[in-house]
2 protein chains.
Amino acid sequence: MFNSIDSLTAFVHAAQLGSFSAAARHMGKSQSTVSEAISQLEIDAGVALFDRRTRQPTLTAAGTRLLSHAQHVLHSHAALRQQALALQSGEEAQLSIVLSDTFQSQAFETLLTAFAERFPLLRLECLVGEDDDVLALLRSGRAQLGVMRAQGRYQADVSAQALPGHTAMALYVGAEHPLAQAAQVNEAQLLQHRELRLSTYTSSPAGPHSPRCWLAPSYLLLLELTARNFGWAALPTWLAAQFGHGQLVQLNTANWPQATTLDLVWLRTAQLGPAACWLIEQLQHAGHTAAAR
Amino acid sequence: MFNSIDSLTAFVHAAQLGSFSAAARHMGKSQSTVSEAISQLEIDAGVALFDRRTRQPTLTAAGTRLLSHAQHVLHSHAALRQQALALQSGEEAQLSIVLSDTFQSQAFETLLTAFAERFPLLRLECLVGEDDDVLALLRSGRAQLGVMRAQGRYQADVSAQALPGHTAMALYVGAEHPLAQAAQVNEAQLLQHRELRLSTYTSSPAGPHSPRCWLAPSYLLLLELTARNFGWAALPTWLAAQFGHGQLVQLNTANWPQATTLDLVWLRTAQLGPAACWLIEQLQHAGHTAAAR
DNA sequence: CAGTTACCATCGGCTTTACCGATAGATAGG
DNA sequence: CCTATCTATCGGTAAAGCCGATGGTAACTG
């Protein structure tokens, strides 16, 4: 039968081994089964697949042509079965995680290579969000895991776990900004210039420091605005170092730079799959190398 | 059953239509068959594919993930069936043709686009050979069709058919060759310089014109040697025009350039498939535009 | 040149399963 | 509340997949 995977398997094995009997042994079936399966296959195809004049049946030209197609079918079918096996073992179908830009993605990538080996079929989605956006994405079910700046406290349905290491935040201006030349900058001076501040999609920002204030939803966008001298901003130092291209100047201000810890957060109500649990475990143990810059 | 294509078809249709009954109607089977097939599929997969709490069953996350794999299987299976259908209708599995470099390939390509549409699954192989190499490839079964310089007569097992149009052959030297400046060249002068002559793999060349003679198995290689001023050669004019890059000079000699007709040849004993017959027919009719430059 | 071995095709019988129609429970819409 | 439509389930039937046995054939061997 053309519609039976087993028939195609018999065909491919017979073609590769050059023997129906060997294919039957290989599949744990009787020789007559393989012979009949291939006969039926030839009836369905309307052409002979094997030349049986010799002792060892050899593929005909048509058989050669169909063999590659049959192998393709078997490959995709094997992928289907493997995916089913992964799902059967409880593996989630898709894992979405939200990362804050304060979390250095570069170090995270080494962990991802191990993740790809461990869960080769899992679809992974990486989102970027800050602060309450992260929590909103978790609550909406859009994501299962988040990495965000440590909040003082969380609502009852949120599990949080501190990641080892720190992320430093500092104040920056563009190289052409008036404050760029100042050796020391106090808070009064800051208030006289425009602040570039992180906003989130879900909530309006808390009372702005500066009366003149621009908002952007990502640190990368803030960095761009800062580099174009539109104002000063608090940015992760690693982001400024990696994407600042020397156009940023760090301000020397009291209480800055500040060290921030990162929290790994997830919903207490959502039962996490093995991939999410594996990620959590890896992040909190090998996380030393991932979070420390 | 995971091993049945029909089950996967039922699964995919049900997922796309959002209804087992609709899928059953679409497949010409009863509703219970589809229901049982998907049930069995879920047992094999070990996960639920559909969420049946609502009236219209909707895919679960695992079902969504498996759906794409199942579709992939069905696509490759459809390709298999289509190939089988093509072979069943008598279409050859592979067509190999040998083209002489005297046949302008550029014009041939327009014919090939039509060929690709007419026989989308056929594997086509284009070989290059000259004179008796073409016939040797036909006899060995390596190729089914050949285009070569018209020979005076052929052996009994070869069918030959003149292609409309002509191919001009002319004598060339490189721009730096001693003969390049001559307004007129006679045969005695030619004999004083090295001839670059076409040889074939199968037979030693007929008595050379020139006592100093280099041999090469393809016109393109001859052209290269000529351009480097190693001697004079008889080349197809279209080849010299297209690949000579202005480095070739055509000699003004009695009896040159010569017009050569091309023959389409095949073995009388080999029964040709529809694709080969189609090509023969196209070449001798629409061949006007293909062979005429 | 037999003898042997391994191979394939075929047949009868058994088991499995794919399929259908009927039926019952459930859900959305009038 | 009623109806139409959906899915799940059950029993019966036809088909298929599968096996073991048998016979014929090609290659190897002494």
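The figures that follow rest on heavy atoms only: side chains count, while hydrogens, waters and symmetry mates do not. Just so it is clear: chains get the letters A, B, ... in the order the sequence lines come, proteins before strands, and each one is counted from 1.
What separates NZ of Lys29(B) from P of dA15(D) is a distance of 14 Å, to the nearest Å. Rounded to whole Å, atom P of dA15(D) lies 16 Å from atom CG of Asp6(B). Note: CG (Leu41(B)) to C1' (dA18(C)) measures 14 Å, nearest angstrom. Counting to the nearest Å, the C1' atom of dT17(C) and the CD1 atom of Ile43(B) are 13 Å from each other. Between Ile5(B) atom CD1 and dC19(C) atom P the separation is 13 Å, expressed in whole Å. Whole-Å rounding puts the Asn3(A) CG to dT17(C) C1' distance at 15 Å. As rounded to whole Å, 12 Å separates atom P of dC18(D) from atom CD1 of Ile38(A). Separating the CD atom of Gln40(B) from the P atom of dT7(D) is a distance of 18 Å, rounded to the nearest angstrom.
Here Thr33(A) does not reach the OP1 or OP2 of dC18(D): none of its side-chain N or O atoms lies under 4.0 Å away. Put simply, Ser35(A) has no side-chain N or O that comes within less than 4.0 Å of OP1 or OP2 on dT10(C).
Residue whose closest nucleotide on DNA chain D sits further toward the 5' end, between Gln56(A) and Gly18(B): Gly18(B). Residue order along DNA chain D, read from the 5' end via each residue's closest nucleotide, puts Gln31(A) first among Arg53(A) and Gln31(A).
Within 6.0 Å of the CD atom in Gln271(B), the count of heavy atoms belonging to other residues, nucleotides or ligands does not exceed 12.
Proximity note for Glu36(B) (side chain, C-beta onward) versus dC10(D), dC7(C), dC11(C): the nearest is dC10(D). If you check dC19(D), dG21(C), dA27(D) against the side chain of Thr54(A), the one that comes closest is dA27(D).
At a threshold of 4.0 angstrom between heavy atoms, the contacts of Ser19(A) are confined to the sugar-phosphate backbone, with no base atom among them.
Between the side chains of Gln155(A) and Arg139(A), at least one donor N or O lies within less than 3.5 Å of an accepting N or O. In the model, Thr33(A) has a side-chain atom that pairs as donor or acceptor with a side-chain atom of Ser30(A) under 3.5 Å.
A salt bridge (charged side-chain N to carboxylate O under 4.0 Å, His left out) check over residues 68-95 of chain B, counting only residues at least two apart or in different chains, returns nothing.
Of the charged side-chain nitrogens involved, none lies within less than 4.0 Å of a carboxylate oxygen, so that Arg149(A) and Asp263(A) do not count as a salt-bridged pair.
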Distances under 3.5 Å between nitrogen or oxygen atoms of protein and nucleotides 4-6 of chain C:
| residue | atom | partner | partner atom | Å |
| --- | --- | --- | --- | --- |
| dA6(C) | N3 | Arg55(A) | NH1 | 2.7 |

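Listed for the Glu130(A) side chain is a donor-acceptor partner under 3.5 Å among the backbone atoms of Asp101(A).
Rounded to the nearest 0.5 angstrom, Leu74(B) CG and Leu80(B) CG are separated by 12.0 Å.
Side-chain to base pairing of Ser32(B) with dG21(C): one donor and one acceptor N or O lie within less than 3.5 Å of each other.
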